[in-house]
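Below you'll find the structure, written out as structure tokens, and then a few comments.
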There are 2 protein chains.
Amino acid sequence: MKLYDSGRAPNPRRVKIFLAEKGITIPTEQIDLTRLEHKGEAYSALNPVQQVPALVLDDDFVLTETIAICRYFEELQPEPPLFGTDAFSRALVEMWQRRIEFGLLVPVAAVFRHLHPAMAQMEVPQVPAWGEANKERVNRFLAVLDKELVGQRFICGPSFTVADITGLVGLDFMKPAKLAVPDEFTHVRRWHEALSARPSAKA
Amino acid sequence: MKLYDSGRAPNPRRVKIFLAEKGITIPTEQIDLTRLEHKGEAYSALNPVQQVPALVLDDDFVLTETIAICRYFEELQPEPPLFGTDAFSRALVEMWQRRIEFGLLVPVAAVFRHLHPAMAQMEVPQVPAWGEANKERVNRFLAVLDKELVGQRFICGPSFTVADITGLVGLDFMKPAKLAVPDEFTHVRRWHEALSARPSAKA
């Protein structure tokens with residue numbers, strides 16, 4: 001197997017954190033997003049939607065989409081479980097993974113992609129008004145998240161899950177997007193610190 | 001259990017099609033999106049991210065997010081399997097579900113929400129330039145989908161899956177968004193017709 005990766009890009013990082021939590025090591029190959037390598041002919045043949053990450057399986061099938069890749073590794077190596085352990089907890093993890101993805105990671109990415117000058121070549125067309133609108137979305141979701149984290153170690157309870165990974169990557173991605181977690185959201189800040197302190201956060 | 005639903009809104013419809021394919025019937029309660037009932041106090045207490053659908057479980061826990069709800073029903077009643085049947089097919093279904101969600105359904109929704117006059121109250125602020133940018137995204141993704149569907153009955157192969165449901169709902173949602181599948185995408189059109197002919201499509 002081989003993972004197509006790209007430096008600090010948030011989606012491949014989610015996979016790398018997931019693999020670090022599982023203790024799995026696999027070879028990686030770097031795709032240079034700044035040179036638009038992901039839109040070139042060679043990579044587009046691997047992944048027609050032109051995104052990283054992509055996982056090339058041993059039979060050469062190319063599996064894409066961060067969560068599909070993580071789910072595949074969860075099946076190959078169930079321990080430690082990062083997608084829940086029974087019907088209810090698996091639904092709960094899916095719910096929070098998706099809430100955090102659509103409520104935090106995607107809006108933070110929209111702020112970055114539509115407002116950062118370095119993204120002018122990659123995000124065509126940049127729509128600054130859309131970037132601005134997403135700042136408010138991020139703050140609205142952080143308020144929901146902060147309430148939910150009261151008295152909870154992780155977002156789904158006592159166990160670390162893939163939903164926490166999406167949270168960590170979303171919060172870290174706020175920095176290049178020039179966003180900050182408001183001081184009042186103390187539970188989000190405590191959670192962010194705890195996630196950042198795990199060895200997997202270095203991935 | 002009870003499902004909070006809203007007329008023809010695309011996300012609750014995905015759950016209803018899923019349930020129809022499983023032969024499951026559950027009580028529903030309608031939330032009137034046009035009156036912003038989903039943003040009201042009562043519904044926000046159920047789902048702080050203010051979206052339909054939401055599934056109230058027998059212990060009163062509120063499960064939200066379309067795919068989390070579908071996945072929960074898949075566990076309660078595995079037949080017919082709509083999320084795949086082994087490690088690889090489950091990853092493949094997850095990949096295509098997400099590709100179609102992010103490549104078709106979300107962009108079509110952006111066209112509808114940011115360009116349709118009826119959405120001015122619900123989508124604040126409407127950013128028409130973002131709606132326009134998504135028209136091109138939809139067409140780019142339809143081209144990918146059309147190639148993939150050559151010689152394939154459903155998007156993941158011979159079996160109908162939840163990824164096809166997202167496809168059907170995304171394609172149907174093009175109509176209110178005033179979009180149409182270009183004639184050249186004959187495989188997408190054939191797939192759309194086949195999905196529309198299933199009894200579950202009436203949901």
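All chains are named by letter (A, B, ...) in the order of the sequence lines, taking the proteins before the strands, and each is independently numbered beginning at 1.
- Heavy atoms of B:Leu57 lying under 4.5 Å from chain A belong exclusively to its side chain.
- Comparing A:Val127, A:Ile69, A:Val93 by how many heavy-atom pairs each has under 4.5 Å with chain B, the most go to A:Val127.
- Remark: A:Glu29 CD is packed, more than 12 non-hydrogen atoms of other residues, nucleotides or ligands lying under 6.0 Å away.
- With a 4.5 angstrom heavy-atom cutoff, A:Arg99 touches chain B via backbone and side-chain atoms both.
- The local environment of NZ in B:Lys175 is sparse, with at most 12 non-hydrogen atoms from other residues, nucleotides or ligands closer than 6.0 Å.
- Heavy-atom contacts from other residues, nucleotides or ligands closer than 6.0 Å to NZ of B:Lys39 number more than 12.
- Put simply, of B:Val49, B:Thr64, B:Leu63, the one with the most heavy-atom pairs under 4.5 Å next to chain A is B:Thr64.
- Contact between B:Tyr72 and A:Ala87 at its shortest, heavy atoms only, is CD1-O, 3.7 Å.
- Only the side chain of B:Val106 comes within contact range of chain A, with at least one heavy atom under 4.5 Å from a heavy atom of that chain.
- Counted within 6.0 Å of CD on A:Glu75, heavy atoms from surrounding residues, nucleotides or ligands total more than 12; the atom is thus considered enclosed.
- Of the two parts of B:Gln97, only the side chain, counted from C-beta on, holds a non-hydrogen atom closer than 4.5 Å to a non-hydrogen atom of chain A.
- In this structure the side chain of A:Glu65 never reaches within 4.5 angstrom of the side chain of B:Glu94, judged on heavy atoms.
- In this structure, chain B has a heavy atom under 4.5 Å from the side chain of A:Glu123, while its backbone stays farther away.
- Of the charged side-chain nitrogens involved, at least one lies within less than 4.0 Å of a carboxylate oxygen, so that B:Glu101 and A:Arg98 count as a salt-bridged pair.
- Within a 6.0 Å sphere centred on CZ of A:Arg190, other residues, nucleotides and ligands contribute more than 12 heavy atoms.
- Below 30°, between 30° and 60°, or above 60°: for B:Phe61 and A:Phe88 the angle between ring planes is above 60°, a perpendicular geometry.
- Using bins of under 30°, 30° to 60° and over 60° for the plane-to-plane angle, the ring pair B:His114/A:Trp130 lands in the perpendicular bin.
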